[in-house]
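Shown next, in structure tokens, is the structure this report addresses.
Atoms within a ligand are numbered from 1 in the order they appear, just like the ligands themselves. Quick caveat, the model's predicted, so the values are computed rather than measured.
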Amino acid sequence: MDQASLLRSFELEFRVAKNPALFESLLHRIFTLSSEIISITTFEEGLCLYANDAFFEVVGFRREDIIGRTFDLWANPSDRKELVLMLKERGTVRNFESDFLDEAGNIHHALLNLQCVEILGVQCILTVARDITKDRVQMKESLHIELLDDLRQALKSLPNLVFRLEKDENGMLVYTLSEGKIAEAMGLTTEAIYGRTVPELFPPEIYAVAEPHIRRALNGEHTEFEIEVGGVVLHKLMSPYYENDRIKGVVGAAIDITEKRKLETLLQRSEMSSVLGQLAAGAAHEIRNPLTAIKGFVQLAGELFDRSGNAKGREYIDMAMAELSRVNGLVTEMLWLRKPKEIRYEPVSVPKLLQEMVPLLHVEANIKSIQVLLHMEDVPDIMAKSDLLKQVVLNLCKNGIEAMNEGGSLHLSSWSAGGKVFVGIRDTGPGIPAELQGQLFTPFLTTKPTGNGLGLFICKQIVQDMNGDIQIESSPQGTAATLSFPAAPA
Ligand SMILES: Nc1ncnc2c1ncn2[C@@H]1O[C@H](COP(=O)(O)OP(=O)(O)O)[C@@H](O)[C@H]1O
Ligand SMILES: [Mg+2]
């Protein structure tokens, strides 16, 4: 028979005539060969009429335990009820996932396809099931690996440190995990330190701090502490690490609080500055009155010496007066630190204020043949108190003039940008020594024989009180102080 007529005959016998002999011989083979689990049970009683080879291979049991009997392999009995309902409604169910138990009691996960069929006048269910337990395990495994990978990747990109210490077979506590940006920066990644102990990796003083916390975590406590490792301040958390309800080690995390600590110190310092300022101003106020009296009495004593022609006495008096006027100067400056509670800020024109100051500056500048130059842009007003602002500018100009020895120039400027008004005071002096630059605004810091080191400190207090800011940049070519203030609302 040629191929075309073979195909035609097959179609005719199989599909059209449904030749029972052909069907039987093929179907039986299909059932036998199939790796799908096939069974036929009666709808009502669940009596098993047929089960194929795959059924017995997967499910177990002997033929006589299954055929002609009702059996219940459902891991979740509610599945059967649900399926019966669905079959009653639709006559067929596709891809129903369910768990069943084999003879040994193992759970299998299966994908079920069911169909109602009438066999010899009795309603039956034809079930074709596929055991997908293995697929599922494989899927779980690959998911597990993927998840682990993901997790490690996530841990690696954390800005923190995450670590785990576990007891090894000798009972030694060793690192089994250490990830995160901190670990990376410190060269303490899992790869680098796996299997090593804390005292192996860190100097004794660090181990001494950590050890009591490790012990507490091993005792089931959660603990927190701060520790400095290689210039980095870490806030660490440690907790017990459980496996099967038993403590197997310690898990922990850490964040870098170096910057936070620095900021806190700065804040404390600036708070201290303002307290110090208040104290200084208070003291200055108290000193001023007796000082005035002392000056008066010293002057009187001087006159007495003059009258009696006591030259030595006059000399002493002059020295005392010079010292007194120094104290007076200091006290006057300290009074600028008074918290300007009662001060009301009002719109001030910076260019106008600078212009007004020029004659004052010329006096001192001329003596040292220093030029005073103005560069002024039209700028919005700022909210300030002009007396106080003049004091600030004056202090900065004085520093500039004092720094310049053989001529030079002092530049005063104003400009505005981004809603802010800037005031610049720049000199062409030798600059500020590098070691001073970090602490310029500290009170009583001075390099001048008759300086008091309050100038910049006071400037900062005043400017900050006006919501402004002060920056000082310096190089061997000169120093530039820049004040910035928010523009007053129009
Ligand atoms: N324009 C400047 N050029 C060089 N050094 C400066 C300048 N401004 C400030 N300094 C340095 O900062 C120190 C502190 O200044 P300041 O607080 O005004 O106190 P004082 O002027 O009484 O010394 C000065 O002693 C000086 O060493
Ligand atoms: Mg000064």
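- Distance check, rounded to the nearest 0.5 Å: CD1 of I425 to CD1 of I470 gives 7.5 Å.
- For atom 17 (O) of ligand 1, the choice among I432, I472, L456, T479 with the nearest heavy atom turns out to be L456.
- Heavy-atom minimum distance, M404 versus K368: O-NZ, 3.0 Å.
- Using a 3.5 Å distance cut-off with no hydrogens or angles, the side chains of S308 and N310 do not pair a donor with an acceptor.
- A salt bridge does not link K398 to E364: none of the charged nitrogens lies less than 4.0 Å from a carboxylate oxygen.
- Given atom 13 (C) of ligand 1, the protein heavy atom at minimum distance is L445 O, 3.9 Å.
- Between the side chains of S78 and N76, no donor-acceptor pair of N or O atoms lies under 3.5 Å.
- For the side-chain contact (heavy atoms from CB on, under 4.5 Å) test with L412, the passing option among V350, L361, L373 is L361; the others fail.
- Shortest contact from atom 23 (O) of ligand 1 to any protein heavy atom: T446 OG1, 2.6 Å.
- Under 4.0 angstrom from ligand 1, the non-hydrogen atoms of D427 all belong to its side chain.
- Counting protein heavy atoms only, atom 21 (O) of ligand 1 is closest to K448 NZ, 2.7 Å.
- From the protein, the heavy atom lying nearest to atom 27 (O) of ligand 1 is T447 OG1, 2.5 Å.
- Taking every heavy atom of G431 and a limit of under 4.0 angstrom, the matching atoms of ligand 1 come to 4 (C).
- Rounded to the nearest 0.5 Å, atoms OG1 (T223) and NE2 (H213) are 4.5 Å apart.
- Contact annotation: for N395 versus ligand 1, there are no heavy atoms closer than 4.0 Å.
- Looking only at heavy atoms of the protein, atom 19 (O) of ligand 1 is closest to G453 CA, 3.2 Å.
- Paired with K236 under the rule side-chain contact (heavy atoms from CB on, under 4.5 Å), one option of I255, I227, V229 passes, and it is I227.
- Short contacts between ligand 1 and G451, defined as distances under 4.0 Å to a heavy atom of the residue, involve ligand atoms 22 (O).
- Taking a cut-off of under 4.0 Å to the non-hydrogen atoms of L436, the atoms of ligand 1 that pass are 27 (O).
- Listed by number with element, the atoms of ligand 1 under 4.0 angstrom from any heavy atom of L440 are 12 (O).
- Contacts between N452 and ligand 1, counted as non-hydrogen atom pairs separated by less than 4.0 Å, involve both the backbone and the side chain.
- Between S416 and E377, the side chains place no donor N or O within less than 3.5 Å of an acceptor N or O (distance only, hydrogens not considered).
- Atom 9 (C) of ligand 1 has as its closest protein heavy atom N399 ND2, 3.5 Å.
- In terms of heavy atoms, R216 sits closest to H222 at NH2-O, 4.5 Å.
- Distance check for N399 against the Mg ion (ligand 2): an N/O/S atom falls below 2.8 Å.
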